[in-house]
Number of protein chains: 2
Amino acid sequence: MVAQRDAERTRAELLDVATQVFAEDGFSGARVDVIAERTRTTKRMIYYYFASKEGLYLAVLERAYLGIRAAEQELHVGDLSPVDGVRRLAELTFDHHQAHPEFIRLVSIENIHGGRFIARLDSLREMGNPAASLLEDVLSRGRSEGTFRADVDAVDVHMVISAYCVFPVANQHTFGYLFDRDLRDPSRREHLRRTIGDLVVAWLTA
Amino acid sequence: MVAQRDAERTRAELLDVATQVFAEDGFSGARVDVIAERTRTTKRMIYYYFASKEGLYLAVLERAYLGIRAAEQELHVGDLSPVDGVRRLAELTFDHHQAHPEFIRLVSIENIHGGRFIARLDSLREMGNPAASLLEDVLSRGRSEGTFRADVDAVDVHMVISAYCVFPVANQHTFGYLFDRDLRDPSRREHLRRTIGDLVVAWLTA
DNA sequence: GTCGCAATGTACCAACTGGTTCATTGCGTA
DNA sequence: TACGCAATGAACCAGTTGGTACATTGCGAC
């Protein structure tokens, strides 16, 4: 018989389901009862482990960000030329966003709430941003080599890449409707992927 | 004495307030009572004119888009060279987004809801997209002139510009928190503005 | 002036929703 | 094997919220 009591599993299952539901319906739209229903446990457990709907949302948000950061730790572009390095960094960022739409949705939701929840997660700030650090490095190599322009910093470049990678996921529905173009269609992905590389490289080397 | 009965004014006031409240709190987060309170009229009028909370939201969304389209009609870049034309188009788009954050918020919200509401507003699709049409024109001039690359179309370029212009508004809070950089700070606006021009021109002429 | 109807105000409701109460159960341990 | 406590389940509650019933009022037409 499977263990009938497993605190870790219960907690994890709640987080998984809550991530899905919050990403789908937003904070206000999500219903505690719905989250509980989709679980093998009950609503009581949400309040037992997370104290409140807000506490659950905070836990979901934190875990989502920590997951992203962990993945970023795996990146490495030190052995590539600056030009190949930024292109690769941009493409990997693109892949990553494509693979985690629910994360992007959570971020959108958080911004609609004015970032009032994320502001309480000190853990995120402390751990820094691996992708941005890598970029910092590649960028300075390119600059001292003379191939990259010097009027933008790593955060500027990171913003351009983020903006491009977030958009096809975050705005897929309105854009798709207005321009009759499904930005998430697999057959279009390679073109989009190549484009962010072209874009950033052309810009930095101009 | 001011007119005590003015259907048009009542309707418009409801739409104005509702736009603000929906943009602030999302569809589920917005409260019908709150919208009514901030108006000189009552909740009853919302149901009188818009039938339901959803009806009101649809009206808000439609009006917001129509407003944007109307503004886009004013653009004209036909007398500029292709290079100057795209730069100007990008910069004007940037200005426009900066000036209408509440519109961007509504679009974000709509995407979180899977575009389920906008899909019912046929009026929007019918009117086309002035900015994209202009881009189409400038782009084809640049291509036949030989200055612009040919492996991207107008919608691709429009997406890049949109992504860049939307991001600083839509993600200001999470980005601002994580990178300790206020993307909406007026002192940074000019730099951001110039950058989208540089980016697109460098890319297209690469 | 008074009739007809659009427009409006008030009070109310039924359903929903986040959160709680309290009893119960399984698991490690002495 | 009995004890202590983490973990769990089910029923319940009080505040909130979208929506409505119904009475009333102002305005234009004649």
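Order of the sequence lines fixes the chain letters, A, B, ..., with proteins taken first and strands second; residue numbering starts at 1 for each chain. Since the model is a prediction, treat every value here as computed from it, not as a measurement.
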Using a cut-off of 4.0 Å between protein heavy atoms and nucleotide atoms, how would you tag nucleotides 11-21 of chain C 5' to 3' with B, S and -?
------SBBBB
Could you check how far CZ of R40(A) sits from C1' of dA7(D), rounded to whole Å?
16 Å
Kindly say if Y49(A) contacts the phosphate of dT8(D), meaning a side-chain N or O under 4.0 Å from OP1 or OP2.
yes
Aromatic ring centroids of F167(B) and F167(A) under 6.0 Å?
no
Protein-nucleotide distance (M45(A), atom CE; dT25(C), atom P), rounded to Å
15 Å
What's the CG-C1' distance between L14(B) and dT8(C), to the nearest Å?
12 Å
N or O in side chain of T42(B) less than 4.0 angstrom from dT10(C) OP1/OP2:
no
Between C1' on dT8(C) and CZ on R11(B), what's the gap in Å once rounded to a whole number?
16 Å
Can you check the I46(A) CD1 to dG9(D) P distance for me, whole Å?
12 Å
Output field: ring centroids Y57(A)/F50(A) closer than 6.0 Å:
no
Tell me whether the rings of F179(A) and F175(A) are parallel (<30°), tilted (30 to 60°) or perpendicular (>60°).
tilted
Does T41(A) make a side-chain N or O approach to OP1 or OP2 of dA7(D) shorter than 4.0 Å?
no
Please determine if R125(B) forms a cation-pi arrangement with Y177(A), meaning its NZ or CZ atom is less than 6.0 Å from the six-membered ring centre and no more than 45° off the ring axis.
yes
Whole angstrom is fine here: how far is it from CG in L56(B) over to P in dG19(D)?
10 Å
Y48(A) has an atom OH; how far is it from atom P of dC22(C), in whole Å?
18 Å
Does the separation of the ring centres of H96(B) and F103(B) fall below 6.0 angstrom?
no
Sequence neighbours excluded, every pair satisfying side-chain hydrogen bond (donor to acceptor under 3.5 Å, both in side chains) that has a member inside residues 163-172 of chain A:
none
